[in-house]
Undergrad: 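Let me begin by handing over the structure; questions about it come next.
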2 protein chains.
Amino acid sequence: MSSSLGTRLAPPPGAGFFAHRSVAELAADLRSGRVTARELTETALAEAARWQTVINAFTTLDDGARRAADEADRELATGRDRGPLHGIPIAIKDLIDVRGLPTTAGSRHFAGHVAERDADCVRRLRAAGAVVLGKTATHEIALGPTGDRAAAGPTRNPYEPGRMSGGSSSGSAAAVAAGVVPLALGTDTGGSIRIPAALCGVVGLKPTHGAVSPDGVLPLAPSLDTVGPLARTAADCRLLWTVLSGTTPSLESGRLVEVAPEEIPHAGELRAAYAVIQGSEAFAVHAERFRDAPELFGDEVRDRLRAGSEVRGWEYVRARDLRDRVRDDVRKLFQDNAFLILPTVPMTAPPVDARTCDLGDVRTALLSLTSPWSVLGLPALSIPAGLAGDLPTGLQLVGPPGSEHRLLTLAETL
Amino acid sequence: MSSSLGTRLAPPPGAGFFAHRSVAELAADLRSGRVTARELTETALAEAARWQTVINAFTTLDDGARRAADEADRELATGRDRGPLHGIPIAIKDLIDVRGLPTTAGSRHFAGHVAERDADCVRRLRAAGAVVLGKTATHEIALGPTGDRAAAGPTRNPYEPGRMSGGSSSGSAAAVAAGVVPLALGTDTGGSIRIPAALCGVVGLKPTHGAVSPDGVLPLAPSLDTVGPLARTAADCRLLWTVLSGTTPSLESGRLVEVAPEEIPHAGELRAAYAVIQGSEAFAVHAERFRDAPELFGDEVRDRLRAGSEVRGWEYVRARDLRDRVRDDVRKLFQDNAFLILPTVPMTAPPVDARTCDLGDVRTALLSLTSPWSVLGLPALSIPAGLAGDLPTGLQLVGPPGSEHRLLTLAETL
């Protein structure tokens, strides 16, 4: 079923309707009258409910989705066509504000918090006619790459529910992999889109830092945080990326250069810098919550926040300086239109709750190949790379700032 | 002798030749043949030697100064005129590299360190024909506003040698005040040009952050550090600033708005942010020296470095964020071409070694009115404001980014 590189995997057993349709096909069907946006939304809602007890991908389904779908249908019927996402259901990571829906960030600290406005990225999706289906689970406050620590319990891998989905954009990756929705939004600070995309066998794009507004998104570590798309294929991902970024779709390409994990330049320093920057900035975001009600955090996230609070200012200064010092060195890798290709994660999905593995600490291992690019602010795309046993594997393409479309083209040509 | 505001003070008793000549007068005399650059340099060297035992302003005098002066004379004689600084002696703070001279930064850690290249700012001065006379004392590693902690002992106030000069650009301010040189370079991180300028009764300009290259200058806290001029008058200061900044002299002006010290917007937060940023960044600069040979630092500076090492990363993150949060608020103050005027320091020069005063901690008090503008990266000019008793007082003019020339014009019109 799946070829070696970059193509879609065989979907997980029992995968829903959207595992078998591209967004372009859905768009054509909507315009030919073969299907309505309302029908797509009903299908997505039904699939979400069917899969919920298995993978726990959603935290909220949007009561307004049917109404939005009806409006999308009315518009298409009257000749108002908002483009390829018009009438397409999409899921939003529960770190991102959707007006009228809870943003819980997977934490008891935000229980009952209802967003008053759409995040900027959500406004862009609505303007393009997409139908927000609901909110997807996140690792608590997005602080963890495993997806199995959240107020509503772990998200599970559709390929094998005893395995973790990866995180922190756990629900978005799992929902797309299970065919519940064709598209989802995630956030990626050190790997939080790419890691669950790899473990769940979907496509996930971490954009250049700053390319998408963080307005309306709960920060984890602002100098690293990004908002990006998850989809089943690079082509679908590009449709969402084009809307999200306000860029013009482009089929420019480049050439791929393999990088062995041990050849990532300055990898050790960059991983250490990642821990320092993320720890300091995350505590700066949550210091009052940590002080006033530490018990509302889960044990593991509370411990990680505490560790972050201990980082010294001068270490943070040096970590930020590292970025400037190594930037030129890393830029050389991208000369002559070269792009890097390496694994996204050095493993397949570990069991839910596992914290050690052959490579040592599970969380350290999961982040090891993604966080260096985050520190450098570079765009990186994770694509499915076949199954190992019954579990997906992922490959990561990395490019210079602003090269998202070229990364997507490279993924399509693999 | 001195009028109330902004004019030159009566010079200290026994002040040298340069206390009685403007740079413009010297420039005219050089061109009419009434004086040579060599004679000015000999005069400056003699004044430096005469004052050295009183104020301890210099750490090194440049053997090459006579040669440079002769070359300046030859050039003028052959019609090569480099502009108003041509042939004018200038002193350089001993934190700034001058090729072939020691840069000791007032610390035993740098004993025997001889600079291989001129700092970028020094290259600019040489290209403008200025004659580097020597290096002036700095508070150890520029970490202190008093000027009385340095490997070579305290710098003293020319008005009353039992009093401190202020710091950290202690020697530059004292040498200009004593009439040893007409011009000097200093650095200002939280007040290190403005404070000694005020306590010694001269003009000192802290430029907009980033306006002068820090190349070849030992950093104290890079996100706050600036390089700037000290002179006897605003007109002299402008001549040096024009060369240092590569800007065109401008006589644009504005209107002054008095700000009471207690009305500085966000003053408390900005002062706290200053301590956090400076402490973290300074320790990042000196961590290995602190670890490997702490005993080479003086006790007070070592204690301050240690305190800086304790600052947490998340506190640093918040301090940096504060800048962005309050920037708009402070910018409002500069609407309609308004500039702020307030005291530079809330006192006259305390006795050498004093660490407490009516206002509490001497160092805290000295920095209280200057450091808020440093955190915001704004230019600020300290000008003499008459004597209180026998000691100088200073007024500080503060403007929006890039307003240095307008600050100087305002000072001239006062």
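Labels below follow one simple rule: chain letters A, B, ... track the order of the sequence lines, proteins then strands, and each chain is numbered from 1.
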Undergrad: Looking at every heavy atom in both B:Gly313 and A:Ser280, which two are closest together, and how far apart are they?
TA: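 Minimum heavy-atom separation between B:Gly313 and A:Ser280: CA-OG, 3.5 Å.
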Undergrad: Pick from A:Ile277, A:Val276, A:Val285, A:Val317: which one has the most heavy-atom pairs with chain B under 4.5 Å?
TA: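 Top option by heavy-atom pairs under 4.5 Å: A:Val317.
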Undergrad: If I measure from the heavy atoms of chain A, does B:Glu315 come under 4.5 Å with its side chain, its backbone, both, or neither?
TA: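 It is neither, since no heavy atom gets under 4.5 Å.
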Undergrad: Please give me the minimum heavy-atom distance between B:Ala287 and A:Arg318, naming the atom from each residue.
TA: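 Smallest interatomic distance, heavy atoms only, reads CB-NH2, 3.5 Å.
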Undergrad: Going from CZ on B:Arg320 to CD on A:Glu281, what distance comes out if it is rounded to the nearest 0.5 angstrom?
TA: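 Here the rounded value is 10.5 Å.
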Undergrad: If you count every heavy atom of other residues, nucleotides or ligands that lies below 6.0 Å from A:Glu116 atom CD, does the total exceed 12?
TA: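 No - once you tally the heavy atoms of other residues, nucleotides and ligands closer than 6.0 Å, there are 12 at most.
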Undergrad: Using 30° and 60° as the class limits, which term best fits the ring planes of A:Phe283 and B:Trp314: parallel, tilted or perpendicular?
TA: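 It falls in the perpendicular class, over 60°.
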Undergrad: For the pair A:Arg312 (side chain) and B:Arg312 (backbone), establish whether a donor and an acceptor sit closer than 3.5 Å, ignoring hydrogens and angles.
TA: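 No, A:Arg312 side chain to B:Arg312 backbone: no donor-acceptor pair under 3.5 Å.
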Undergrad: What do you reckon, is CZ of B:Arg123 surrounded by more than 12 foreign heavy atoms closer than 6.0 Å?
TA: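 Yes, the 6.0 Å shell around CZ holds more than 12 heavy atoms from other groups.
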